[in-house]
Amino acid sequence: MSKIALISGVTGQDGSYLAELLLEKGYIVHGILRRSSSFNTGRIDHIYLNNNEYRDKRMFLHYGDLTDSSNLNRLVEKIHPDEIYNLGAQSHVQVSFEVPEYTAEVDAIGTLRFLDAIRETGVKTKFYQASTSELYGNVLTGMQDARSKMQDDQDPEFRILHRRAASILHPASLSETSPFRPTSPYAVAKLYAYWITVNYREAYNLFACNGILFNHESPRRGETFVTRKITLGVSRIMAGKQDMLHLGNIYAARDWGYTPEYAEGMWKMLQADRPDDYVLATGETHTVKEFIEEAFAYYGETLNWEGEGVNETATLSASNKKVIAMDPKYYRPTDVEFLRGDPSKALRDLGWAPKVRFKDLVKIMMDHDSESGIR
Ligand code: NAP
Ligand code: G4F
């Protein structure tokens, strides 16, 4: 008998790789599709629309939304999934400052609705919650107090110094036992989702797990997230189709991994003997600035950086063409400055270990975008 999975967020970056993985493993996959006025299935067309083997035989799409409890109840009851992966979310941190209430509705209460649908229907299923390294905020660098001070005095020099310090300090890594201190409406909503998942596990004995995933990227990453914005932007600049790339906090540092490996980790969490929470990360951290440099290095280009803060720019060393500038609209009211994860528990308990490192990741994304990005 094939196992049955239900995925919210199946049209997103992670959902598309997870659906692919589960189909390869012989699952029947059901995905929740949001109604949209234009096509939103681009990431899964190869396994659904254009795939006669899977479409409506082993893969099914259902209209639904995390803001609609009756819909979630009906889907859980009708599909009777063995495993539910709750990946649906308003997932953009900066956008969450613009739509905080909607973000809470989908990311926080949406998770409660799903868990309660399981409880109400009594369907025996496992539950994966897409938790995030954003939960930690700035606990590693101790920047929290500095951040309030920055906002008090708005001293640009002070802000720059602190950003630099955060990226140079190389503090320890974050694990399942590190404290949470969210710094955006998105992260606060995800904090609720994290704890309600733990609570339903304890209160109702549900097999419910939190995957605390650090940033993971791929050629399917949304184009407004910084890595994809850079790989597409650099490809277009080098093809003469775009003049410059405008960015925000380039001193922010992230632990970037490769999404297909993280989808495997999500699945492994639900195959463990008992439910638990796990960090998935690479343990390697780089700044946005380093990502930009690596993307230009793909073309053999180096950059000359000049100026400070919002006036910082970069030119190509060979031609002196200006290619990078800052734009204040991409700075967030509060930002996470430095993230590095410690995935030892996932290695020990699940046998999960990422192989793709930072330079490999940039190359995978550049190989893709230098072709498709310049069309
Ligand atoms: P993504 O590409 O933005 O995909 C988000 C998915 O959620 C899309 O399928 C989207 O549908 C769907 N969605 C949005 N609002 C919804 C709603 N109201 N009801 C139902 N579905 C809704 O995000 P991702 O990178 O794949 O991330 C997947 C999950 O992991 C998210 O929960 C994210 O917060 C979390 N996460 C991501 C990372 C990362 O680095 N990627 C790290 C940690 C945690 P449309 O396609 O119609 O927009
Ligand atoms: O690519 P980002 O937008 O990702 P962010 O904020 O880290 O969030 C992503 O990862 C989280 C896991 O930690 C997920 F939970 C979340 O759903 C999402 O997938 O920004 C990364 C960094 C930030 O510090 C941002 O301020 O890059 C900085 N940045 C600098 N310039 C920019 C830009 N970010 C974006 N999106 N666009 C810029 O122009």
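Just so you know, ligand 1 is whichever comes first in the structure, and atom 1 is the first atom listed for that ligand.
Looking at Gly257, Ser131, Gly42 and measuring to atom 44 (C) of ligand 1, the nearest heavy atom belongs to Ser131. Across the listed options Arg221, Gln94, Glu134, His246, Arg221 owns the non-hydrogen atom lying nearest to atom 19 (O) of ligand 2. Of the candidates Leu87, Asn86, Thr11, Leu18, the one placing a heavy atom closest to atom 28 (C) of ligand 1 is Leu87. The residue from Tyr85, Trp256, Tyr186 that puts a heavy atom closest to atom 36 (N) of ligand 1 is Tyr186. Comparing Ala89, Gly9, Ser8 against atom 13 (N) of ligand 1, the shortest heavy-atom distance belongs to Ala89. The option with the heavy atom closest to atom 4 (O) of ligand 2, from among Asn215, Val93, Leu339, is Asn215. Comparing Glu223, His92, Met326, Arg332 against atom 2 (P) of ligand 2, the shortest heavy-atom distance belongs to Arg332. Between the choices Gln13, Arg228, Lys329, Lys229, the shortest heavy-atom distance to atom 38 (C) of ligand 2 belongs to Lys229. When the options His216, Arg221, Met266 are ranked by their closest heavy atom to atom 37 (C) of ligand 1, first place goes to His216.
Between the side chain of Asp342 and the backbone N or O of Ser175 there is no donor-acceptor pair closer than 3.5 Å. No donor-acceptor pair closer than 3.5 Å links the side chain of Glu261 to the backbone N or O of Ala263. The closest donor-acceptor contact from the side chain of Ser2 to the backbone of Ile28 lies at 3.5 Å or more, if one exists at all. The closest donor-acceptor contact from the side chain of Lys229 to the backbone of His246 lies under 3.5 Å. Here the side chain of Asp82 pairs a donor or acceptor atom with the backbone of Ile4 at under 3.5 angstrom. At least one donor-acceptor pair closer than 3.5 Å links the side chain of Thr285 to the backbone N or O of Leu339.
A salt bridge does not link Glu290 to Lys359: none of the charged side-chain nitrogens sits closer than 4.0 Å to a carboxylate oxygen. Ionic pairing of Arg43 and Glu20 is not present here: no N-O contact between side-chain nitrogen and carboxylate oxygen is shorter than 4.0 angstrom. A salt bridge links Asp369 to Arg228: one of the charged nitrogens lies within less than 4.0 Å of a carboxylate oxygen.
When hydrogens are left out, the protein atom nearest atom 3 (O) of ligand 1 is Ser91 OG, 2.7 Å; that is the closest non-hydrogen contact. Given atom 2 (O) of ligand 1, the protein heavy atom at minimum distance is Gln13 N, 3.0 Å.
Residue Ala130 has at least one heavy-atom neighbour below 4.0 Å for each of these atoms of ligand 1: 29 (C), 30 (O), 32 (O), 35 (C). Taking every non-hydrogen atom of Thr132 and a distance limit under 4.0 Å, the qualifying atoms of ligand 1 come out as 43 (C), 44 (C). Residue Gly12 approaches ligand 1 through these ligand atoms, each under 4.0 Å from one of its heavy atoms: 2 (O), 4 (O), 8 (C), 9 (O), 26 (O). Here is the list of ligand 2 atoms found below 4.0 Å of a heavy atom in Tyr330: 39 (O). Near Asp14, meaning under 4.0 Å from any of its heavy atoms, are these atoms of ligand 1: 24 (P), 25 (O), 26 (O), 27 (O), 28 (C), 30 (O), 41 (N). Taking every heavy atom of Asp335 and a limit of under 4.0 angstrom, the matching atoms of ligand 2 come to 23 (C), 24 (O), 25 (C), 26 (O). The distance from ligand 2 to the heavy atoms of Val288 drops below 4.0 Å at these ligand atoms: 27 (O). Close contacts of ligand 2 with Ser91, meaning ligand atoms under 4.0 Å from a residue heavy atom, involve 16 (C), 17 (O), 18 (C). Every atom of ligand 2 with a heavy atom of Gly248 under 4.0 Å away is listed here by number and element: 30 (C), 31 (N), 33 (C), 39 (O). Proximity to Asn249 (heavy-atom distance under 4.0 Å) selects the following atoms of ligand 2: 28 (C), 30 (C), 31 (N). Applying the 4.0 Å criterion to heavy atoms of Asn215 picks out, from ligand 1, the atoms 40 (O). Numbered from 1 in the order shown, with element, the atoms of ligand 1 that lie under 4.0 Å from a heavy atom of Asn40 read 47 (O). Set against the non-hydrogen atoms of Ser133, the atoms of ligand 2 under 4.0 Å away are 12 (C), 13 (O). Short contacts between ligand 2 and Tyr186, defined as distances under 4.0 Å to a heavy atom of the residue, involve ligand atoms 14 (C), 15 (F), 16 (C), 17 (O).
Proximity of Leu247 to ligand 2, defined as any heavy-atom pair under 4.0 Å, is shared by backbone and side chain alike. Residue contacts with ligand 1, taken as heavy atom pairs separated by less than 4.0 Å, involve Arg34 solely via side-chain atoms from C-beta onward.
Hydrophobic clustering, with ILVMFWY side chains joined whenever heavy atoms are under 4.5 angstrom apart, groups Ile250 together with Ile237.
Evaluated for a side-chain contact (heavy atoms from CB on, under 4.5 Å) with Thr183, the options Val188, Asn138, Val139 yield exactly one hit, Asn138. Each of Asp14, Thr227, Val226 was compared with Arg221 under the side-chain contact (heavy atoms from CB on, under 4.5 Å) criterion, and only Thr227 meets it.
No N or O atom of Gln90 sits closer than 3.5 Å to an N or O atom of ligand 1. Below 3.5 Å of separation, one finds an N or O of Arg254 facing an N or O of ligand 2. In terms of polar-atom proximity, Val226 is counted as a contact of ligand 2, with an N or O under 3.5 Å from an N or O of the ligand.
In this pair, His30 and Phe60 present their aromatic rings parallel. The plane angle is below 30°, not in the 30 to 60° band. Classified by interplanar angle (parallel below 30°, tilted 30° to 60°, perpendicular above 60°), the ring pair Phe225/His92 is tilted.
Side-chain contact check for Val288 versus Ile230: some heavy-atom pair is nearer than 4.5 Å.
Cation-pi contact between Lys268 and Tyr278: absent, since separation from the ring centre below 6.0 Å together with deviation from the ring axis within 45° is not met.
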Decide side-chain contact (heavy atoms from CB on, under 4.5 Å) for Val10 and Met59; before the verdict, give the C-alpha distance in whole Å, the side-chain angles of both, and the deciding distance to 0.1 Å. CA-CA 11 Å; Val10 72; Met59 176 142 183; 4.2 Å; yes
